[in-house]
Number of protein chains: 2
Amino acid sequence: MIDFRPILHICGLLMCVMAAAMALPALADLTAGNADWVVFVGSGAVTAFLGGSLVLATRSDAPVEITRRQAFALTASAWAAISIVGAIPFLSYGRHLGIADALFESVSGLTTTGATVLYDLDLHPPGILLWRSLLQWMGGVGIIVMAIVLLPFLGVGGMQLFETESSERSTRIVPRARQFVTYIGGIYSALTFACFLLYWSLGMSPFDAWNHAMTTISTGGYSTHDASFAHFDNPGLQWAGVLFMAAGGIPFVVYIRFVRGRTHALVDDVQVRAFVGFLVAVSLLLAFYLMLGRNMGVGESLRMAAFHVVSIVTTTGYASSDYTLWGTAAIGLFFALTFIGGCTGSTAGGIKIYRHQILWIAVRAYMRRLTQPHRVDVLSYGGLAVTRDIQASVLAFIAVYVGAFSVTAVLLAVIGLDFTTALSASATAFANVGPGLGDIIGPAGNYSSLPDAAKWVLAAAMLMGRLELFTLLLLLDPDYWRG
Amino acid sequence: MIDFRPILHICGLLMCVMAAAMALPALADLTAGNADWVVFVGSGAVTAFLGGSLVLATRSDAPVEITRRQAFALTASAWAAISIVGAIPFLSYGRHLGIADALFESVSGLTTTGATVLYDLDLHPPGILLWRSLLQWMGGVGIIVMAIVLLPFLGVGGMQLFETESSERSTRIVPRARQFVTYIGGIYSALTFACFLLYWSLGMSPFDAWNHAMTTISTGGYSTHDASFAHFDNPGLQWAGVLFMAAGGIPFVVYIRFVRGRTHALVDDVQVRAFVGFLVAVSLLLAFYLMLGRNMGVGESLRMAAFHVVSIVTTTGYASSDYTLWGTAAIGLFFALTFIGGCTGSTAGGIKIYRHQILWIAVRAYMRRLTQPHRVDVLSYGGLAVTRDIQASVLAFIAVYVGAFSVTAVLLAVIGLDFTTALSASATAFANVGPGLGDIIGPAGNYSSLPDAAKWVLAAAMLMGRLELFTLLLLLDPDYWRG
């Protein structure tokens, strides 16, 4: 049996952090003279009580040690715990969302997906808007820590490739993690502040600038306006968004190396090179299509193309225009881009760049063996050895990702969603992007009108995508519990 | 450099077979008093001349031996050669199809896809209808021979799993192949004849019965009527279709074992068991949905469900009703079923049952290793060892299949097809099913109105799917040609 004590202890600590964070929206509503400040104080009190009780009930003098087996249960429990308490304010503020809606909004926030069931955002009080942005900002840093410190150690989906960089083969992952968490927190905060300054200087109100800075760096995509980035109608702001969305999609390990003095770290990383190269190439292609096929001006084409390609590939999900009106080619492209994803160890979701690179390396090696069966190739990726184990992990991840996406799409169709909505909702949830295709959940739409069953399914899909599938799937395996 | 002499020699022989086959539609048109018999005599003469010249120019006294490297070029060249000569009659008969249409129809026939650009089939002379059925029938037997004799030897997509059954690790694959080809030809003809007898006895005209028997056993799906199986409106015929479509989706190696006296062969095979179990389970689920959700009667629900589930999973593509009118759940289900496929070593296309089984075995083993990294499992599939190599082959196949499907869907969207048409056309072409979704290419529709560029792309996709992707992809790799 698994010892749940340290797991519950950490969940309790995280719930206390969530409770403390609720003070900020309370303060915002109080300042604005909105009565909803009571909601946040109340939610904070409940959350603090729950979290505090857990911490006290499970404390111990021994240092916290987490085994490999416990780490899987911890990851799933932690995300479940913060998702549930994150939903409390949505249940009780002015609009009184139902449980399905509140949980959907909380999960969509914490997983930095950015799909929303709220409309008339412009009429909302500041507290709840700030809470949505905070969910994404906290979720974003949680994802980076998980992806750098925990998942390589657990070997999920080929992430053992990055193991030597951040963790060591030992059952004690906590001590070494502290140092990384400090670096990550510092860099993440600095990037957010830089983004805020730029947004503010380019014309956003300080409140909008803070909110959008938090949801940009976390590649989350929640906005304080129904029209998302289109609300501002400001080319400079859109380019600033391109810059900082891309910054959020870059591995934080690379930033850490940079900060530690390896000034070429950003240029040297094979994943970053492919990521940036891909963004530039696809944006240029789309810009040409917009110029020639849709008669857009040069500047607007480049900006529109770059903004939306970066928004979807980094899995942010901001929209500054309804790109689904750009014709069948754009729709096909944006659907396919959902399956790319950002870099690992960043706030971006999806299949991720390095997995596509490993897939390419593995398939090329496999094809060479077709004609030369006894050939043995030593494969490498940016100087790291791509073992058979890593190839198998990555291939299994991609196959299971596609399988899970398909099963979920069928489930949504059974619930009653039309073909385009079902497919794109499943894709965008697993990749933690946000907007789908079609009139209902497209970039100009909203998830509020979907049946509750679809919202539950999509919330599960967002969590599954965010936890790299296997972290959750493993818990469904009876073998895991048998031990 | 590759020695192309034996490759061209075999291509020439196959073209002579095609020329001989053209005598049958010539005879049919002559009997019916239709002037198109000249078309087939002319096409046959041209084909015989081309094929005969190739054979004579490349003959040699040495026995024909094919190396592994040559086998890949041979497979691709052979399918290209028969596809091109198969298109000749379509260019010159009464309707005078353009090159894109003629090649699309020929490739769709030979790959047993069954997507068609012809309409008003009921008004067509018998010769061209018979030619379409013959293309599928000959394509079907070609696929079985290729899948049993050639591909396991080449190790494409995990098919080395079936190597010991049919071929031996040697560079001489021809002698041993002869014996298998004889068995396959005999069983294939016997099944076709049995299917003809049943169709005829249940009310089809002899001409319809022959044509449909040929396109049923080959899981092809071409019909002599625009309405496909709905034309007959005969429950008995639909159940007969279910039986023989399923028969076409079963590995012919199993039939060979059965004929050789292993009477339990059909029941013992793990792939056949999963295939039949899956068909029964999904048909029952869909039948319940039709009874409860669409108020259909019990008998009709069972028949409609079984007919269409078997039609899509075996990649036949007959329709006896427009199932896309059964609501979003049915549409989602049928799209997903496109990605299942029949058994390997049968006429069915798609990803195929055994690959899904190996995927499941590999993913389970991978998940066990997540908590116990040093664990070593010996995996087996129906008594055969599932090595790391086979797992990697299967996973690479599935990943590349999904990738190729996605890229093709985007290409079709760029050409101008709407989201549903582009996605379903790509899926149905790679899986060699036939009908897609939506008004244009759905079960009640037709491919004739698509732009020529889309027809070229889809013909390439059908060939790629039929040749298990890597047989064609390998030829695009410069390493293959270098040596």
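Here is the naming used below: chain letters follow the sequence lines, and residue numbers restart at 1 for every chain.
Around the CG atom of A:Asp3, the shell of radius 6.0 Å holds more than 12 heavy atoms that belong to other residues, nucleotides or ligands. More than 12 heavy atoms of other residues, nucleotides or ligands shown are found within 6.0 angstrom of CG on B:Asp322. Within 6.0 Å of CZ on B:Phe288 lie no more than 12 heavy atoms contributed by other residues, nucleotides or ligands.
Between B:Gly157 and A:Tyr366 the shortest heavy-atom distance is N-OH, 2.7 Å. A:Ala396 and B:Val363 get closest at one heavy-atom pair: CB-CG2, 4.3 Å. In terms of heavy atoms, B:Ala399 sits closest to A:Leu359 at CB-CD1, 3.6 Å. The two residues A:Val410 and B:Gly332 make their nearest non-hydrogen contact at CG2-O, 3.6 Å. When all heavy atoms are compared, the tightest approach of B:Leu395 to A:Ala392 is CD1-O, 4.1 Å.
Side-chain contact check for A:Phe419 versus B:Leu423: some heavy-atom pair is nearer than 4.5 Å. Two residues are said to be in side-chain contact when any heavy atoms from C-beta on lie closer than 4.5 Å; A:Arg364 and B:Asp479 meet this criterion.
Your options are B:Arg369, B:His356, B:Arg388, and the one with the most heavy-atom pairs under 4.5 Å with chain A is B:Arg388. If you tally non-hydrogen atom pairs under 4.5 Å between each of A:Val394, A:Asp389, A:Val407, A:Leu412 and chain B, the highest count goes to A:Asp389. The choice from B:Ala329, B:Gly293, B:Ala336 that makes the most heavy-atom pairs within less than 4.5 Å of chain A is B:Ala329. Of all the listed residues (A:Val402, A:Val414, A:Thr371), the one sharing the greatest number of non-hydrogen pairs under 4.5 Å with chain B is A:Thr371. When each of B:Phe339, B:Phe470, B:Tyr289, B:Tyr401 is checked for heavy-atom pairs under 4.5 Å with chain A, B:Phe470 comes out on top. In terms of non-hydrogen atom pairs under 4.5 Å with chain B, the most contact-rich of A:Leu333, A:Val156, A:Asp418, A:Leu154 is A:Val156. Interface remark: of the candidates A:Leu417, A:Val400, A:Leu437, A:Leu417 forms the most heavy-atom pairs closer than 4.5 Å to chain B. Between chain B and the residues A:Ser393, A:Ala409, A:Gly438, the largest count of heavy-atom pairs under 4.5 Å involves A:Ser393.
Interface remark: B:Phe335 contributes side-chain atoms only to the contact with chain A (heavy atom separation under 4.5 Å). Contacts of B:Leu411 with chain A are absent, with no heavy-atom separation under 4.5 Å from either backbone or side chain. Heavy-atom distances place no part of A:Ser406 under 4.5 Å from chain B, backbone and side chain included. At a 4.5 Å heavy-atom cutoff, B:Phe397 makes no contact with chain A through either its backbone or its side chain. A:Ala422 does not touch chain B: none of its heavy atoms, backbone or side chain, sits under 4.5 Å away. If you measure heavy-atom distances from B:Ser424 to chain A, you find no contacts under 4.5 Å at all. For B:Leu473, the parts sitting under 4.5 Å from any heavy atom of chain A are the backbone and the side chain alike. Using a 4.5 Å cut-off between heavy atoms, A:Phe72 contacts chain B through its side chain alone, with no backbone atom that close. Neither the backbone nor the side chain of A:Ile415 comes within contact range of chain B, judged by heavy atoms closer than 4.5 Å.
Distance alone, capped at 3.5 Å, is enough to place a donor-acceptor pair between the A:Arg68 side chain and the B:Leu370 backbone.
Taken from CD1 in A:Ile398 to CD1 in B:Ile398, the straight-line distance is 11.5 Å, to the nearest 0.5 Å.
Here A:Arg368 does not pair with B:Asp477 in a salt bridge; the nearest charged N to carboxylate O distance is not below 4.0 Å.
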